[in-house]
Amino acid sequence: MSMNQRAQYRRRLQQRQTVIFGTLALIMAVAMLLASAWWTGVLPFPFGQEFTKKEVVAKDVVPCIVEGTPSVPNSDISVRVYNATNRSGLANSVAGKLKEQGVVIVEEGNWKGTKPQSPTVIYTPSSAIPEAYTLARMFPEVKVFHDPTSSKNQVLDIVLGDNFEGLKSGDDLATLADGQELTSFEGCQEIDR
């Protein structure tokens with residue numbers, strides 16, 4: 001082997017070693033960054049986690065009301081009014097009419113969920129079923145659904161659909177009084193409270 005060939009061989013060997021050791025150093029640096037991110041909690045650790053089942057939440061369950069439950073005063077009902085239509089200002093208009101009836105308005109806005117099939121849908125937490133049934137008496141066509149994801153507070157969500165035509169007439173609203181016995185909707189289900 002001549003001197004020139006030996007120098008070329010060493011140069012190729014050094015180049016291979018540089019590539020191999022450089023790649024190993026880069027892999028170790030990335031591993032160190034990932035390990036420190038897992039250690040500090042910036043990234044969740046991908047192994048050894050417990051398996052969790054996603055809790056199945058029943059949708060569109062109409063809650064029953066306990067027999068003999070009286071209607072509550074309108075001033076004890078708190079609602080968020082949402083517009084699921086293309087009609088501008090509908091939630092604001094309905095909120096104003098509900099406010100005239102003594103209902104407390106917490107929020108008004110556009111509905112970001114699934115469009116309701118019914119003209120009016122009221123979503124209620126378990127703790128506010130009497131309030132939902134009392135409020136439902138003000139609407140000509142309404143469905144009340146249990147919302148198990150709702151917080152423990154007693155705020156109801158009213159969603160106004162495409163076929164919404166308004167609250168009941170003033171004469172009909174005048175006949176609604178506090179303390180009247182509420183009756184369950186047909187097809188309702190008992191809800192754990």
Side-chain angles (χ1 to χ4, degrees), residues 1-64 78-95 104-129 131-132 142-164 187-193:
M1 234 187 199
S2 74
M3 209 48 176
N4 196 12
Q5 289 176 332
R6 187 174 280 166
Q8 287 178 347
Y9 172 75
R10 280 190 178 158
R11 192 174 310 126
R12 275 185 288 166
L13 182 64
Q14 284 178 342
Q15 286 175 343
R16 269 193 246 139
Q17 286 175 346
T18 303
V19 169
I20 290 172
F21 288 128
T23 303
L24 287 175
L26 182 65
I27 291 171
M28 289 177 59
V30 169
M32 182 181 267
L33 283 173
L34 283 174
S36 63
W38 287 327
W39 180 261
T40 58
V42 173
L43 289 176
F45 191 68
F47 309 110
Q49 294 181 358
E50 293 182 28
F51 289 101
T52 56
K53 281 187 175 179
K54 190 172 185 178
E55 188 176 321
V56 177
V57 177
K59 296 277 186 183
D60 299 342
V61 173
V62 178
C64 290
S78 297
V79 299
R80 290 181 287 254
V81 183
Y82 295 110
N83 181 1
T85 72
N86 293 332
R87 289 186 267 171
S88 181
L90 182 61
N92 186 22
S93 169
V94 172
V104 178
I105 306 300
V106 175
E107 181 182 342
E108 309 163 15
N110 291 322
W111 182 244
K112 292 175 178 55
T114 307
K115 241 183 188 178
Q117 300 301 314
S118 180
T120 310
V121 176
I122 299 173
Y123 292 101
T124 178
S126 302
S127 59
I129 294 173
E131 287 83 352
V142 64
K143 291 192 177 180
V144 174
F145 292 127
H146 178 245
D147 183 5
T149 61
S150 184
S151 60
K152 296 286 183 194
N153 64 19
Q154 295 189 319
V155 178
L156 307 173
D157 291 331
I158 301 173
V159 182
L160 308 171
D162 283 328
N163 298 326
F164 178 79
C188 68
Q189 296 178 17
E190 289 295 326
I191 301 295
D192 293 333
R193 295 171 201 227

Only pairs under 3.5 Å count here: list side-chain donor-acceptor contacts from residues 10-22, not counting sequence neighbours, and write none if there are none.
from, atom 1, to, atom 2, distance (Å)
Thr18, OG1, Gln14, O, 2.7

Side chain Arg80, main chain Val159, donor-acceptor under 3.5 Å:
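Answer holds: no.
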Backbone of Ser36 reached by a side-chain donor or acceptor of Thr40 within 3.5 Å
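It does hold such a pair.
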Under the side chain to side chain contact (heavy atoms under 4.5 Å, CB included) test, which residues partner [X], sequence neighbours left out?
{"X": "Ala95", "value": "Val81, Ile105, Glu108"}
{"X": "Asn86", "value": "none"}
{"X": "Asn110", "value": "Asn83"}
{"X": "Ala37", "value": "Val42, Leu43"}

Can you classify the ring geometry of Trp111 versus Tyr82 as parallel (below 30°), tilted (30 to 60°) or perpendicular (above 60°)?
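Trp111 and Tyr82: tilted rings.
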Non-hydrogen atoms of [X] and [Y] that approach each other most closely:
{"X": "Ile158", "Y": "Ile122", "value": "CG1-CG1, 4.3 Å"}
{"X": "Asp162", "Y": "Lys115", "value": "OD2-NZ, 3.5 Å"}
{"X": "Ala132", "Y": "Val144", "value": "CB-CG1, 3.9 Å"}
{"X": "Gly161", "Y": "Pro116", "value": "CA-CG, 3.8 Å"}
{"X": "Lys143", "Y": "Ser118", "value": "CG-OG, 3.8 Å"}

Can you check whether [X] reaches [Y] side chain to side chain, under 4.5 Å on heavy atoms?
{"X": "Leu156", "Y": "Pro125", "result": "yes"}
{"X": "Val94", "Y": "Leu160", "result": "yes"}
{"X": "Gln154", "Y": "Ser78", "result": "no"}

Taking only residues two or more places apart in sequence, or in another chain, which ones meet Phe164 in a ring-ring contact (aromatic ring centres under 6.0 Å, His included)?
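Residues passing ring-ring contact (aromatic ring centres under 6.0 Å, His included) with Phe164: none at all.
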Is atom CD of Glu107 surrounded by more than 12 heavy atoms (other residues, nucleotides or ligands) closer than 6.0 Å?
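Enclosed: over 12 neighbouring heavy atoms sit under 6.0 Å from CD of Glu107.
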